[in-house]
There are 2 protein chains.
Amino acid sequence: MAATMKDIARLTGLGLATISKYMNGGTVRPKNKKLIEDAVKELRFVPNEFARSLKTSLSRTVGVVIPELGNQFITSIITTMDDMLRKHDYAVIVCDCRTDAKREREAVSFLVHKRVDGLINMSTDQSGEHLKPALEAGIPIVLVDRMVKPLTGKVSAVVVDNVDAAEKATRYLIESGHTDIGLVLGNDCIYTTQKRRDGYLNAYAEFSLTPREELIRFSDYTMEGGYAAMKRLISLPQRPTAVFVTNFEMTLGAMIALNEAQLRVPENMSFIGFDKLDLFGAVFPNLTLVKQPQNAIGECVAKQILRLMADPHADALHQIITLATSLNVGGSTRDLRTP
Amino acid sequence: MAATMKDIARLTGLGLATISKYMNGGTVRPKNKKLIEDAVKELRFVPNEFARSLKTSLSRTVGVVIPELGNQFITSIITTMDDMLRKHDYAVIVCDCRTDAKREREAVSFLVHKRVDGLINMSTDQSGEHLKPALEAGIPIVLVDRMVKPLTGKVSAVVVDNVDAAEKATRYLIESGHTDIGLVLGNDCIYTTQKRRDGYLNAYAEFSLTPREELIRFSDYTMEGGYAAMKRLISLPQRPTAVFVTNFEMTLGAMIALNEAQLRVPENMSFIGFDKLDLFGAVFPNLTLVKQPQNAIGECVAKQILRLMADPHADALHQIITLATSLNVGGSTRDLRTP
DNA sequence: CTCCTAATACGTAACGTTTCGCTTTCCACA
DNA sequence: TGTGGAAAGCGAAACGTTACGTATTAGGAG
């Protein structure tokens, strides 16, 4: 039914090898080029990707394993990547593993079986065990947002400087006279959570201060989580004067909790949020935010994986790229020193 | 390097055809079964999907074309589908087309070239032109959430009863004595927008009422959009006494706008929102909501596409499945008749 | 101990490309 | 008109499966 290169060869009187060469961008005599193009049109020829894959062992497909599809930070990165990769004719297979290590392992092995040319992973499992099958199969890997220590040197990674981000935000608050700063984090076994806590602690240390234990709340990077954590902080006997919330969804939830408790920002509570300036720009004008370069992350990841896939087995190319965040100062914090 | 069935055949002394049969679940003499299994383990044999695809013309892959990845309703459906399909060994390629008809067309043709076995689409283009290449290639199609009229009979579809959903919500408000009901819709060229507006108008008609034109606000299914639309409604000279918002993101934005304007629900404004009861359950307890069966939609779509892919060219199997929504009555509306 | 019939096993030809190693053609220059 | 070298074309052998049609085998019945 569907035409093959053989048909094109027969119709044009040319050899099979010539057709193949043309299809792959090789040069062909002008009159033959026309001949081929006409035949392609007439027979509605489309190259069979299966046969091509069999010969080249390339699927022109990359796998993406992420913890949650319902997370704005993640989807915005995926959208950017998908765009870039598709432009290079790569398809993207997304596997949501629901922050579950078992599912994550299964997803990786599934993708290895599907013979993806590259793998992008926002790791749930910090041991890196789940990536072994891919490593063994020689599939290039790019980690996103979360480093996996044991894999250093074997994979590339694109992360932001989480320590610096949290340190900047916390320092800014301390310099404004706050000493009781609430911190809302994600799950405590996640890379970014650990780094952001480190940054917070660093800032305190810089000023020779120690934060109260109960101000540090581990949550789960969801809106509900942020809402609940903020409620807890509000109801503390000694309520913090400022709060720093470390992702988008939780920032949303926390703002709702504040609204509901009739606490005005910054009059009753200083607030620093995370991500998505544009959105908050419309809804909560003037919020002070840590901004991650989401588009840059997506682009950077896409570039890395394309580079690794192009260079056959260039293990030496692995690198860790750290992108900077910015502290976008708005009006949601109060300076306690100048009342 | 990687072992092939030929290697297994050589090692076991069996024929190639026998190995193939075993690999596809055929029966083999017990001792041969053991022989094969041992050899598979020893050689770490993994069947080559490329060769398999070439022979069977099946990619065990389905394509999904959606308007926006950053939309909770969509991602929750995708997550459910992805789960089910992966259990059946199908990979899912997601293409976000940013609610752009051109991108959508490109995505479909990209997926056709990749030879997906099935296509799932939440259409942006209401003409259905974009699906022609898939139709011609004989790829089964399941539409989600949005019907495309011209394709009736040629594709399957899973939608919710949008007219009924909006009618129920609006009727409920009218029966509570409201006559000025604000309506916040998505982009006016989208299927669900049209249906939900129809439902709203139906309810008005039932009571022989006519809504004021300026109460119907077309927006864009984003949080910012919902926020802006609600602000507009609030600032109307003759402010509505109730508002019905028709998706999750806009509901969130609208609630924030209400909070900001210091309007209490339901004292100053009756409110009916959309989707995600569980989330609002934590954050805005007692909100009256139209609830779509998101999991059921995902499951239903997965089942449909699996069925269509299993039955070769069973065009007669196409059907439109309409799922019901429920009106989840909370306490966010006020009965004006009993003050 | 043979014969018959299921049940398994087998050889081989596809599937539609890419690629290797040549051969042929083209064209410029003498 | 002849020659040389570059450019383009060619045939055939893979790549690793599946499936068709036939050949072989096991094991109970006679």
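Here is how names work: the chains are called A, B, and so on, in the same order as the sequence lines, proteins then strands, and each is numbered from 1. Keep in mind that the numbers below use all heavy atoms, side chains included, and drop hydrogens, waters and symmetry copies. Computed from a predicted structure; not experimentally measured.
Among Thr4(A), Leu11(A), Thr12(A), the one residue that satisfies the side chain to side chain contact (heavy atoms under 4.5 Å, CB included) test with Ile8(A) is Thr12(A).
Between Arg105(B) and Glu129(B) there is no side-chain heavy-atom pair separated by less than 4.5 Å. Annotation: side chain of Leu143(B) is in contact with side chain of Leu131(B) (closest heavy-atom distance under 4.5 Å).
Checking Tyr221(B) against Thr192(B) by side-chain atom types alone, a donor-acceptor pair falls below 3.5 Å.
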5' to 3', nucleotides 12-26 of chain D under a 4.0 Å protein heavy-atom cut-off (B base, S sugar-phosphate only, - none) gives --BBBBBB-------
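Scanning DNA chain C 5' to 3' for nucleotides with an atom closer than 4.0 angstrom to a non-hydrogen atom of chain B gives a first and last hit of dT8(C) to dG16(C).
Taking each heavy atom of Ser76(A) and Gln294(A) in turn, the nearest pair found is OG-OE1, 2.7 Å.
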Margin query: For a side chain to side chain contact (heavy atoms under 4.5 Å, CB included) check, start with the C-alpha distance between Asn121(B) and Arg146(B), then their side-chain angles and the critical distance, and finish with the verdict.
Written below: CA-CA 9 Å; Asn121(B) 179 216; Arg146(B) 302 174 184 178; over 6 Å; no
Test side chain to side chain contact (heavy atoms under 4.5 Å, CB included) applied to Asp145(B) and Phe73(B), step by step: CA-CA 10 Å; Asp145(B) 189 56; Phe73(B) 175 69; 3.6 Å; yes
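Note on Thr27(A): only backbone sugar-phosphate atoms sit closer than 4.0 angstrom, heavy atoms only; bases stay farther off.
A salt bridge does not link Lys41(B) with Glu37(B): every distance from a Lys NZ or Arg NE/NH1/NH2 to an Asp or Glu carboxylate oxygen is 4.0 Å or more.
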